[in-house]
Amino acid sequence: MSVPTLYYFDGRGLGETPRLILNYFGQEFKDVRIQESTVPADLKAKTPYGQLPWYVEDDQFSVAQSVAINHYLSLKYKLQGNSIRDQAIVLELVHAANELLTGYWSQDTDTKKEKYQKVTVPTILKRFNHVLTNNKQSSNHFVGDALTLADFSIFNVIDYLVWNTQNTHFTDLPALLQFHKEFQTNTNISNYIKKRVDTDF
Ligand SMILES: N[C@@H](CCC(=O)N[C@@H](CS)C(=O)NCC(=O)O)C(=O)O
């Protein structure tokens, strides 16, 4: 089987969660990072929506839309949660993490900025903190005793906020910072992060 390819821009953005998953599981993949600010025409024509990320496994299979790429990888690596209740909470947390991440890039007016800073960030981080600290089955995983897509999505957004805003949002949420630290003790993740080049977004 050929090595999969993840096409995205040269930034973390919507490409980083799949990169983290593939690295965590030691899956070799082509991390194609488009340097231009728009998708080159030849690549655009091949993708279903003209947008990135786009994940190509072989001639028979490719998938677009970041949610679907992450869903596919979560099925492949059994990151969905053990019971249907766990799976529902995983999905809740993944969507909240996406809202937090995409909200960060949408702060282009004072109103949006204020809502993001005063409502979105504290509400979502409080919920993450509550779920983590009330998980009786594990202190290192958000849902049950298993690694799930929620761990990857939340690690990614905490990592993004720490990177861009230092630890300002986490002063009263040490459990989230502890999770962020703990997640990086995985050798494949720490190796990936050590060699990750700084990008603009
Ligand atoms: N709903 C899509 C959004 C994808 C998206 O907006 N991609 C942006 C980069 S973050 C893009 O490809 N922009 C270039 C373009 O639209 O031409 C997803 O989640 O994958």
Side-chain angles (χ1 to χ4, degrees), residues 1-106 124 128 141-144 146-160 183 186 188-189 191-193 195-197 199-201:
M1 200 182 188
S2 60
V3 169
T5 305
L6 180 72
Y7 293 92
Y8 192 61
F9 293 97
D10 188 18
R12 299 189 197 182
L14 297 174
E16 200 60 11
T17 297
R19 289 187 191 118
L20 288 166
I21 298 172
L22 292 165
N23 273 286
Y24 185 100
F25 289 100
Q27 170 65 58
E28 193 189 336
F29 70 105
K30 289 183 202 148
D31 188 5
V32 176
R33 289 164 177 262
I34 305 303
Q35 300 298 326
E36 296 88 342
S37 58
T38 53
V39 188
D42 54 338
L43 177 59
K44 200 175 182 73
K46 287 189 214 161
T47 66
Y49 306 99
Q51 290 185 317
L52 305 177
W54 185 43
Y55 176 80
V56 179
E57 213 156 68
D58 52 41
D59 292 343
Q60 310 295 321
F61 179 75
S62 72
V63 59
Q65 294 289 343
S66 56
V67 171
I69 295 168
N70 293 338
H71 180 67
Y72 173 70
L73 295 176
S74 80
L75 289 168
K76 192 167 178 175
Y77 294 110
K78 304 195 179 356
L79 298 172
Q80 294 212 295
N82 291 329
S83 66
I84 61 167
R85 288 183 175 185
D86 280 359
Q87 290 172 14
I89 301 301
V90 168
L91 206 54
E92 175 205 307
L93 298 175
V94 165
H95 279 275
N98 283 349
E99 195 175 318
L100 201 49
L101 194 60
T102 54
Y104 184 87
W105 305 314
S106 307
I124 294 178
F128 288 170
H141 299 306
F142 277 84
V143 185
L147 179 70
T148 68
L149 181 59
D151 295 325
F152 284 95
S153 297
I154 294 175
F155 170 78
N156 184 44
V157 74
I158 293 175
D159 201 43
Y160 200 86
F183 194 86
N186 173 273
N188 287 350
I189 291 294
N191 287 342
Y192 169 63
I193 286 176
K195 69 174 178 15
R196 184 168 61 181
V197 177
T199 50
D200 289 342
F201 66 98

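Count residues from 1 along the sequence.
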Original post:
Looking only at heavy atoms, which two atoms of I69 and P18 are closest? And how far apart?
Top reply: CG2-CB, 4.0 Å
Subject >> Non-neighbouring partners of A68 that pass side chain to side chain contact (heavy atoms under 4.5 Å, CB included), sequence neighbours left out >> reply: V63, Q65
**OP:** Could you pull out all residues at least two apart from F201 that satisfy ring pair (Phe, Tyr, Trp, His ring centres under 6.0 Å)?
**Re:** none
Subject >> Shortest non-hydrogen contact from G26 toward N188 >> reply: N-ND2, 3.7 Å
Subject >> Separation between CD of E57 and NZ of K76, rounded to the nearest 0.5 Å >> reply: 3.5 Å
Original post:
Under 3.5 Å, side chain of Y8 to main-chain N/O of L14, donor-acceptor pair present?
Top reply: yes
Subject >> Whether D58 side chain and F61 backbone form a donor-acceptor pair below 3.5 Å >> reply: yes
Subject >> Those residues that, when tested against F9, pass ring pair (Phe, Tyr, Trp, His ring centres under 6.0 Å) (two or more places apart) >> reply: none
Side-chain donor/acceptor pairs under 3.5 Å, residues 148-159, sequence neighbours excluded:
{"residue": "T148", "atom": "OG1", "partner": "A150", "partner atom": "N", "Å": "3.2"}
{"residue": "D151", "atom": "OD1", "partner": "F142", "partner atom": "N", "Å": "2.9"}
{"residue": "D151", "atom": "OD2", "partner": "H141", "partner atom": "ND1", "Å": "3.0"}
{"residue": "D151", "atom": "OD2", "partner": "T148", "partner atom": "N", "Å": "3.1"}
{"residue": "S153", "atom": "OG", "partner": "L149", "partner atom": "O", "Å": "3.2"}
{"residue": "N156", "atom": "ND2", "partner": "T17", "partner atom": "OG1", "Å": "3.1"}
{"residue": "D159", "atom": "OD1", "partner": "H180", "partner atom": "NE2", "Å": "2.7"}
{"residue": "D159", "atom": "OD2", "partner": "R12", "partner atom": "NH1", "Å": "3.4"}
{"residue": "D159", "atom": "OD2", "partner": "R196", "partner atom": "NH2", "Å": "2.8"}

**OP:** Could you tell me which residues satisfy side-chain hydrogen bond (donor to acceptor under 3.5 Å, both in side chains) with Y7, sequence neighbours excluded, listed by chain and number?
**Re:** none
**OP:** Please identify each residue that fulfils side chain to side chain contact (heavy atoms under 4.5 Å, CB included) with Q80, with sequence neighbours left out.
**Re:** H71, S74, L75, Q87
Would you tabulate the side-chain donor-acceptor contacts of residues 37-45 under 3.5 Å, counting partners in other chains and residues two or more places apart, or write 'none'?
{"residue": "K44", "atom": "NZ", "partner": "G50", "partner atom": "O", "Å": "3.1"}

**OP:** Can you see which heavy atom on N186 is nearest to which on I189, and at what distance?
**Re:** OD1-N, 2.9 Å
**OP:** Could you tell me the separation between the CD1 atom of I21 and the OH atom of Y24, rounded to the nearest 0.5 Å?
**Re:** 11.0 Å
**OP:** For residues T47 and L52, determine if any side-chain heavy atom of one lies less than 4.5 Å from a side-chain heavy atom of the other.
**Re:** yes
**OP:** Name all residues meeting the side chain to side chain contact (heavy atoms under 4.5 Å, CB included) criterion together with A146; count only those two or more places apart in sequence or in a different chain, and write none if there are none.
**Re:** N82
Subject >> Which atom of W54 lies closest to which atom of P48, heavy atoms considered >> reply: NE1-CD, 3.6 Å
Subject >> Pairs meeting criterion salt bridge (Lys or Arg N to Asp or Glu O under 4.0 Å) with involvement of residues 79-103, two or more places apart >> reply: E92-R127
**OP:** Can you label the angle between the Y55 ring and the Y72 ring as parallel, tilted or perpendicular, going by 30° and 60°?
**Re:** tilted
Subject >> Residues in ring pair (Phe, Tyr, Trp, His ring centres under 6.0 Å) contact with Y77, at least two apart in sequence or another chain >> reply: F25
**OP:** With sequence neighbours left out, write down each residue that passes ring pair (Phe, Tyr, Trp, His ring centres under 6.0 Å) with Y49, or none if nothing qualifies.
**Re:** none
**OP:** List the atom of I89, the atom of V143, and the distance in Å for their closest heavy-atom pair.
**Re:** CG2-CG2, 4.0 Å
Original post:
Restricting to pairs with a member in residues 19-33, which pass salt bridge (Lys or Arg N to Asp or Glu O under 4.0 Å), not counting sequence neighbours?
Top reply: D10-R33, E16-R19, R19-D31, D31-R33
